[in-house]
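Here is the structure we will look at, set down as structure tokens.
Worth knowing before you read on, the calculation uses all heavy atoms, side chains too, and leaves out hydrogens, waters and symmetry mates. Quick caveat: nothing in here was measured; it's all calculated off a predicted structure.
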Amino acid sequence: MSTRKKGNNTPHVLVVDDEYFNYEMLSMALSDAFKLSYADSGKSCLSNAIAHKPDAILLDVCMPGLDGYDTCRMLKNTPETKDIPVVMVSGLESEQEQQAGYEAGCDAYVIKPFAIQSLLEKLKSMV
């Protein structure tokens with residue numbers, strides 16, 4: 001079953017963020033280029049990514065419960081999701097935080113606030 005409904009070649013991006021407002025902002029900015037879906041936690045990200053395999057995942061770092069680092073590790077250690085590119089999005093900008101993201105397995109680390117255009121280019125290069 002394909003998750004690409006919006007035109008046959010529209011890449012599907014799963015946005016994982018505990019703040020729905022952030023998803024709404026990304027949806028307005030990225031919906032011309034991507035089909036977006038939403039998960040509000042690390043746990044729902046995992047089940048969603050297995051059930052409806054996205055072409056990429058935009059993953060917030062700071063979430064209650066399972067944070068972005070743990071979620072990324074789980075995604076990269078699950079056979080069904082290990083090859084999905086993960087872009088971590090965070091307000092944490094220290095080199096240690098970015099390093100922790102890459103050690104968890106993310107493919108890119110984007111610091112908030114970010115330019116939508118640079119995020120768009122990063123996502124397009126991955127899918």
Review point. Are Val16 and Leu120 in one and the same hydrophobic cluster, where Ile, Leu, Val, Met, Phe, Trp and Tyr link if side-chain heavy atoms are under 4.5 Å apart?
Key: no
Practice item. Heavy atoms only: give me the nearest Pro11-Asp55 pair and the separation to one decimal. Key: CA-OD2, 3.3 Å
Review point. So which pairs with a foot in residues 58-83 pass salt bridge (charged side-chain N to carboxylate O under 4.0 Å, His left out), sequence neighbours left out?
Key: Asp60-Lys112, Asp70-Arg73, Lys76-Asp107
Check your understanding: Does one hydrophobic cluster hold both Tyr69 and Val110, with members joined at side-chain heavy-atom distances below 4.5 Å?
Key -> no
Review point. Is there a path from Ile111 to Tyr102 through hydrophobic residues (I, L, V, M, F, W, Y) whose side chains come within less than 4.5 Å of each other?
Key: yes
Check your understanding: When hydrophobic residues are tied together by side-chain contacts of less than 4.5 Å, even through go-betweens, does Val61 share a cluster with Val86?
Key -> yes
**Study point:** Student check: side-chain heavy atoms of Leu75 and Thr71 closer than 4.5 Å
**Key:** yes
Exercise for review: Write down the atom of Cys72, the atom of Cys106, and the distance for their closest heavy-atom approach.
Suggested key: SG-N, 3.4 Å
Review point. Please walk me through it: do Leu59 and Val87 pass side-chain contact (heavy atoms from CB on, under 4.5 Å)?
Key: CA-CA 6 Å; Leu59 179 61; Val87 178; over 6 Å; no
**Study point:** Minimum heavy-atom distance between Ala56 and Ile84, given as atom pair plus value
**Key:** CA-CG2, 3.8 Å
**Study point:** Asp17/Asp40 under side-chain contact (heavy atoms from CB on, under 4.5 Å): CA gap, chis, key distance, verdict
**Key:** CA-CA 5 Å; Asp17 198 310; Asp40 65 358; over 6 Å; no
Exercise for review: Tell me, please, which residues at least two apart from Glu19 pass side-chain hydrogen bond (donor to acceptor under 3.5 Å, both in side chains).
Suggested key: none
Review point. To the nearest 0.5 Å, what is the distance between CG (Leu14) and CG (Leu46)?
Key: 9.5 Å
Review point. Does a donor on one side chain sit under 3.5 Å from an acceptor on the other, for Ser37 and His12?
Key: yes
Check your understanding: Any side-chain heavy atom of Leu119 within less than 4.5 Å of one from Leu58?
Key -> yes
Exercise for review: Please lay out, stage by stage, how Ile57 and Val13 fare under the test side-chain contact (heavy atoms from CB on, under 4.5 Å).
Suggested key: CA-CA 6 Å; Ile57 296 173; Val13 175; over 6 Å; no
Practice item. Could I get the full list of salt bridge (Lys or Arg N to Asp or Glu O under 4.0 Å) partners for Lys124, not counting sequence neighbours? Key: none
List the atom pairs, donor and acceptor, that lie under 3.5 Å between side-chain atoms in residues 88-95 and the rest of the protein, sequence neighbours left out.
from: Ser90; atom 1: OG; to: Leu92; atom 2: N; distance (Å): 2.7
from: Ser90; atom 1: OG; to: Tyr109; atom 2: OH; distance (Å): 3.4
from: Ser94; atom 1: OG; to: Glu97; atom 2: N; distance (Å): 3.1

Check your understanding: Is a side-chain donor-acceptor pair under 3.5 Å present for Ser44 with Ser41?
Key -> yes
Review point. What pair of heavy atoms forms the shortest contact from Met63 to Gly42, and how long is it?
Key: CE-N, 3.9 Å
Check your understanding: Given Met74 and Leu66, is the side-chain contact (heavy atoms from CB on, under 4.5 Å) satisfied, shown in steps?
Key -> CA-CA 10 Å; Met74 291 176 78; Leu66 207 54; 3.7 Å; yes
Check your understanding: Apart from Met28 itself, what residues make up its hydrophobic cluster, given side-chain heavy atom links below 4.5 Å?
Key -> Phe21, Met25
Practice item. Name all residues meeting the ring pair (Phe, Tyr, Trp, His ring centres under 6.0 Å) criterion together with Tyr23; count only those two or more places apart in sequence or in a different chain, and write none if there are none. Key: Tyr20, Tyr38
